[in-house]
Amino acid sequence: MPIYEIIHTGRVPVYVYTDTLDHSSRQQLMNVATLPFIFKHVAAMPDVHAGRGAVIGSVIPTQGAVIPAAVGVDIGCGMQAVKLDMKATVLEQQAEALQHAIEEAVPHGRTHQGGAMDRGAWQRVPPALQSYWATFGLPQQLPDVLKRHPKLLHDRVNGERHLGTLGTGNHFIELCLDENRQVWLMLHSGSRGIGNRIGTYFIEWARQEMGSRLKQLPDPDLASLQEGTAAFADYVSCVAWAQGFAKANRTFMRQAILATLADCLGTPVAIVGEVIDCHHNTMEREQHFKQSVWVTRKGAIRARKTDLGIVPGSMGAKSYIVRGRGNPQTFCSSAHGAGRVMSRGEAKRRFSKADLEQQTAGVTCRKDAAVLDEIPAAYKDIHTVMAQQADLVEILHTLKQLVCVKG
DNA sequence: ATGTAC
């Protein structure tokens with residue numbers, strides 16, 4: 001479907017790909033559209049909902065400046081999916097055992113005082129981390145800014161420990177069946193403690209650099225770093241590093257899960273086809289409308305014609321493997337998932353454990369009060385989201401989860 | 001989303 005609405009109140013227009021835009025999201029989009037360094041227009045995806053500074057589900061192209069709070073704190077958060085050489089019947093018959101095996105194999109939940117995860121074995125903390133990073137093509141040298149600043153350097157300890165760990169909240173691991181009863185492994189996680197620290201650090205740095213001009217902004221979380229400054233260069237290198245860390249984190253988990261599946265089934269489990277991996281909290285330099293632009297995608301994925309992407313629904317809904325349509329009106333982007341319709345607190349107040357059991361019927365997963373904030377009814381209907389972005393992506397596969405592991 | 005302080 002086409003653009004539902006164009007907001008014209010700002011310096012540049014906002015193209016809105018949904019007919020259900022809540023008041024605070026609208027205000028945040030209007031705020032961003034007033035900034036002097038936005039290139040051409042802002043795009044709001046069908047899963048748009050209010051975030052910190054900028055809305056989640058937006059594409060913000062800029063020239064000469066970037067907004068650290070628009071990228072957010074989970075830099076490089078995203079999805080990874082692979083099709084597996086495994087029988088559907090095996091997954092159906094062993095769903096519960098596989099759920100527990102994955103929970104055992106992948107550390108998940110929270111850390112405390114830099115300590116171990118709440119749950120999951122801590123079996124793959126690399127003895128020589130640098131060689132692991134080299135394996136995944138990460139820069140062996142940390143960005144200078146990480147070394148120069150004691151706070152970031154201290155938290156790097158957690159960064160090392162967090163490689164290969166799931167995290168909490170909406171991060172998850174799923175085993176799914178597609179429309180042809182092919183088995184897929186799909187997971188959602190980001191750059192964990194270290195990426196969070198980098199994001200928080202530069203959000204504060206941007207505020208400091210703005211000085212007295214901060215008061216002139218519609219929202220202090222729209223503080224920006226100006227291209228050409230040392231802070232800008234440091235931020236760009238740290239974001240690139242954190243995105244690499246996030247992707248490596250997802251790759252570590254995928255390998256640990258494949259190993260545990262092989263253990264459970266008594267036979268190696270091969271990947272069929274390519275590994276699909278996409279960030280949905282990112283900032284990258286790209287060419288659009290024949291110009292070089294910084295594209296910030298906050299809860300949005302890149303969807304050029306050559307891009308494969310993953311659009312997950314909630315823990316009771318379907319997910320989609322997609323191919324981009326290269327639509328210039330969204331700077332080649334699409335929605336990153338279903339998008340929340342209510343806060344975690346409101347979901348916990350409004351729904352019961354019985355509601356969660358009913359809404360996740362047929363899915364082998366935790367159904368206790370601790371994951372009530374992830375109940376499907378707290379998210380938009382993913383079918384509506386996909387219909388509203390038919391101009392942005394083509395659906396290649398439709399996945400339904402049988403096993404879901406939550407952090 | 002995360003770590004930490006309250």
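Quick note on labels: first sequence line is chain A, next is B, and so on, each numbered from 1. Computation of the quantities below employed the complete heavy-atom set of this structure, encompassing side-chain atoms and omitting hydrogens, waters and symmetry-equivalent molecules.
Which of B/dA1, B/dG3, B/dT2 sits closest to the side chain of A/Asn170 comes down to B/dA1.
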Where do A/Arg26 and A/Glu5 land on the salt bridge (Lys or Arg N to Asp or Glu O under 4.0 Å) test, with the steps shown first?
CA-CA 11 Å; A/Arg26 178 180 296 274; A/Glu5 182 187 358; 2.7 Å; yes
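If you measure from atom CD1 of A/Ile198 to atom P of B/dA1, you get 18 Å, rounded to the nearest angstrom. Computed from coordinates, the A/Asn196 CG to B/dT4 P distance equals 10 Å when rounded to whole Å. With rounding to whole Å, A/Tyr201 atom OH is found 18 Å from B/dT2 atom C1'. Atom CD1 of A/Ile194 is separated from atom P of B/dT2 by 13 Å (rounded to the nearest Å). A straight line from CZ of A/Arg192 to P of B/dA1 spans 11 Å, rounded to a whole angstrom. Regarding A/Ile56, its CD1 atom lies at a distance of 8 Å from the P atom of B/dA1, rounded to whole Å. One interatomic measurement links the two molecules: CZ of A/Arg344 to P of B/dT2, which rounds to 10 Å at whole-angstrom precision. Rounded to an integer number of Å, the gap from NE2 of A/His162 to C1' of B/dT2 is 8 Å.
Side-chain contact, A/Arg192 with A/His171: no donor N or O sits under 3.5 Å from an acceptor N or O.
A/Asp307 has no carboxylate O lying under 4.0 Å from a charged side-chain N of A/Arg323, or vice versa, which leaves the two without a salt bridge.
Aromatic ring centres of A/Phe331 and A/His41: separated by under 6.0 Å.
Of the candidates A/Tyr201, A/Trp241, A/Phe202, A/Phe202 is the only one forming a ring-ring contact (aromatic ring centres under 6.0 Å, His included) with A/Tyr235.
With sequence neighbours left out, A/Phe232 forms a ring-ring contact (aromatic ring centres under 6.0 Å, His included) with A/Trp294.
OP1 and OP2 of B/dT2 both lie 4.0 Å or more from every side-chain N or O belonging to A/Thr200.
Contacts of residues 68-76 of chain A with DNA chain B (heavy atom under 4.0 Å): A/Val73, A/Asp74.
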